[in-house]
Student: 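Just passing along the structure, written as structure tokens.
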Protein chains: 2
Amino acid sequence: MGVFMGVCVTTLLREKGFKVTPQRLAIYNVLAASKAHPSAEMIFHQLQPIYPTMSLATVYKTIEILKELGLIQVLNAGEDSFRYDADTSNHPHICCRRCGRVDDLHGVDSTEFVEKVVKTTPYRITGQQFYFYGVCPECAAKE
Amino acid sequence: MGVFMGVCVTTLLREKGFKVTPQRLAIYNVLAASKAHPSAEMIFHQLQPIYPTMSLATVYKTIEILKELGLIQVLNAGEDSFRYDADTSNHPHICCRRCGRVDDLHGVDSTEFVEKVVKTTPYRITGQQFYFYGVCPECAAKE
DNA sequence: GTGAGTGCAAATGGTTTGCATGTTC
DNA sequence: GAACATGCAAACCATTTGCACTCAC
């Protein structure tokens, strides 16, 4: 899987005229391997030990490219910073009000709800983002 | 309606120990009268002609209080700034990718969808926010 | 009159940009 | 070797904070 994805990113970057650099692959790999929807800062800190010279600016610039290539989606659950998800399938997210973690919400079908909206609104709809808020099991256990 | 709402805000502010100032009432009135989900900056500019001395800081501080009183809800459709809505009912929003306007989406029932999520997730859910993205009729007409 | 609110200006923090140096192809 | 990428530092911009002056009560 790692190898396959590596090839994909490499190919996609080259196709669009971007160069393939270790930093870009590393940043994508962090996102692809994580279920925590890391922010730029989180990616930066995770790569710090392996790429001590990497800068936050490079993380942001790379994220911009990955977004452009359609390899990641951007989340904003109402925090001060954006989070990123290499799973570009359209799934809802759930955010813990206590600890701030963001989890995926798979296996819940929203097509019926989306259909109703598409029929109702005068907008031409191109996408959607659903955020749920609450308390995660870990935080609930502490209370 | 304006008077009624004015009384409500006044009462609520006093009850919670906040003072009633012209600025606070003006800021709430802008939000209550608008369907555009204005940002702090937009509120500020709208009040500029009437309250030339008002500062952005006051807008932000007042928003904080209105939030605390449950009089407004905060939106974040993925832009760089937050937007605010005096309609605190739980309704989805739709955001135009072209012009950035944010509209309400009333009359679409989401309870079934929410129920499914509540049953599926280990989180204790306390709220949700649904954002749709697309092109508004005005922008579509221009294309 | 007192304590809270306003408004200015400065600080903060996430993100972006400019540019000299380093790397990919 | 040319063009593009990196990484530093400075810039940016939304939001927050500190504080002297003002106002609601």
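Just so it is clear: chains get the letters A, B, ... in the order the sequence lines come, proteins before strands, and each one is counted from 1. Quick caveat, the model's predicted, so the values are computed rather than measured.
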Student: Just how far, in rounded Å, is P of D:dC13 from CE of B:Met42?
Tutor: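 Going from CE in B:Met42 over to P in D:dC13 covers 17 Å.
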
Student: B:Phe18 side chain: which of C:dG7, D:dT15, C:dG5 is closest?
Tutor: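 Of the options given, the side chain of B:Phe18 lies nearest C:dG5.
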
Student: Could you check whether B:Gln23 gets within reach of a base, just the sugar-phosphate, or nothing at all, counting any heavy atom under 4.0 Å?
Tutor: sugar-phosphate

Student: Can you tell me if the side-chain N/O atoms of B:Tyr60 get under 4.0 Å from OP1 or OP2 in D:dT16?
Tutor: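 For B:Tyr60, the contact criterion (side-chain N or O under 4.0 Å from OP1 or OP2 of D:dT16) is not met.
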
Student: Side chains of B:Asp103 and B:His93: donor-acceptor distance under 3.5 Å anywhere?
Tutor: no

Student: State whether B:Arg24 places a side-chain N or O below 4.0 Å from either non-bridging phosphate oxygen (OP1 or OP2) of D:dA24.
Tutor: no

Student: For A:Gln48 and D:dC8, give me the distance from atom CD to atom C1', rounded to whole Å.
Tutor: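 Going from A:Gln48 (CD) to D:dC8 (C1'), I get 14 Å.
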
Student: Would you kindly give the CG-to-P distance between A:Leu56 and D:dG7, to the nearest whole Å?
Tutor: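 Rounded to the whole Å, the gap is 11 Å.
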
Student: Can you figure out which of D:dC25, D:dT15, D:dC8 approaches the side chain of B:Phe82 most closely?
Tutor: D:dT15

Student: Does A:Glu41 or B:Ile65 map to a spot on DNA chain C nearer the 5' end, using the closest nucleotide for each?
Tutor: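 Its nearest nucleotide being more 5', the pick is B:Ile65.
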
Student: Tell me which nucleotide among D:dG7, D:dT6, C:dG5 gets nearest to the side chain of B:Lys19.
Tutor: C:dG5

Student: How are the rings of A:Tyr131 and B:Tyr131 set to each other: parallel, tilted or perpendicular (split at 30° and 60°)?
Tutor: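 Perpendicular, since the angle between the ring planes exceeds 60°.
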
Student: Measure CD/A:Glu15 against C1'/C:dT24 and give the value in whole Å, please.
Tutor: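 Rounded to the whole Å, the gap is 18 Å.
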
Student: Quick check on D:dG7: is either OP1 or OP2 less than 4.0 Å from any side-chain nitrogen or oxygen of A:Thr53?
Tutor: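 Yes, because at least one side-chain N or O of A:Thr53 sits under 4.0 Å from OP1 or OP2 of D:dG7.
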
Student: Using a strict threshold of under 4.0 Å (side-chain N to carboxylate O), is an ion pair present between B:Lys67 and B:Glu64?
Tutor: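 Result for this pair is yes, salt bridge flagged.
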
Student: Roughly, in whole Å, what's the span from CD1 in B:Ile43 to C1' in C:dG7?
Tutor: 17 Å

Student: Please determine, for the side chain of A:Ser81, which listed nucleotide (C:dC25, C:dG14, D:dC8) has the closest atom?
Tutor: C:dG14

Student: Would you mind reading off the distance between A:Leu13 atom CG and C:dT23 atom P, rounded to a whole angstrom?
Tutor: 19 Å

Student: Do the side chain of A:Lys61 and the base of C:dG18 come within less than 3.5 angstrom through a donor-acceptor pair of N or O atoms?
Tutor: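 It does, because a donor-acceptor pair links the side chain of A:Lys61 to the base of C:dG18 below 3.5 Å.
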
Student: Nearest 0.5 Å please: distance from the CD atom of B:Glu112 over to the OG atom of A:Ser110.
Tutor: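 The OG atom of A:Ser110 is 12.0 Å from CD of B:Glu112, to the nearest 0.5 Å.
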
Student: Is the phosphate of C:dT6, meaning OP1 or OP2, less than 4.0 Å from a side-chain N or O of B:Thr21?
Tutor: yes

Student: Mind telling me whether A:Phe130 and B:Phe132 have parallel, tilted or perpendicular rings, with 30° and 60° as the class edges?
Tutor: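 Judged by the thresholds at 30° and 60°, the geometry between B:Phe132 and A:Phe130 is perpendicular.
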
Student: Taking B:Glu41 first and then B:Arg83, would you say they form a salt bridge - that is, a charged N and a carboxylate O separated by under 4.0 Å?
Tutor: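 Salt bridge absent between B:Glu41 and B:Arg83.
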
Student: Round to the nearest Å and state the distance from A:Met54 atom CE to C:dG22 atom C1'.
Tutor: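 For the pair A:Met54 CE and C:dG22 C1', the rounded distance is 15 Å.
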
Student: Using a heavy-atom cut-off of under 4.0 Å over every strand shown, decide if B:Thr58 touches base, sugar-phosphate, or nothing.
Tutor: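 Here B:Thr58 touches the bases of the nucleic acid.
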
Student: Over how many whole Å does the gap from A:Glu79 atom CD to D:dA14 atom C1' extend?
Tutor: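 In whole Å, D:dA14 C1' lies 16 Å from A:Glu79 CD.
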
Student: Hey, which of these two, B:Glu64 or B:Arg14, hits DNA chain D nearer its 5' end, going by closest nucleotide?
Tutor: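 So the residue in question is B:Glu64.
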
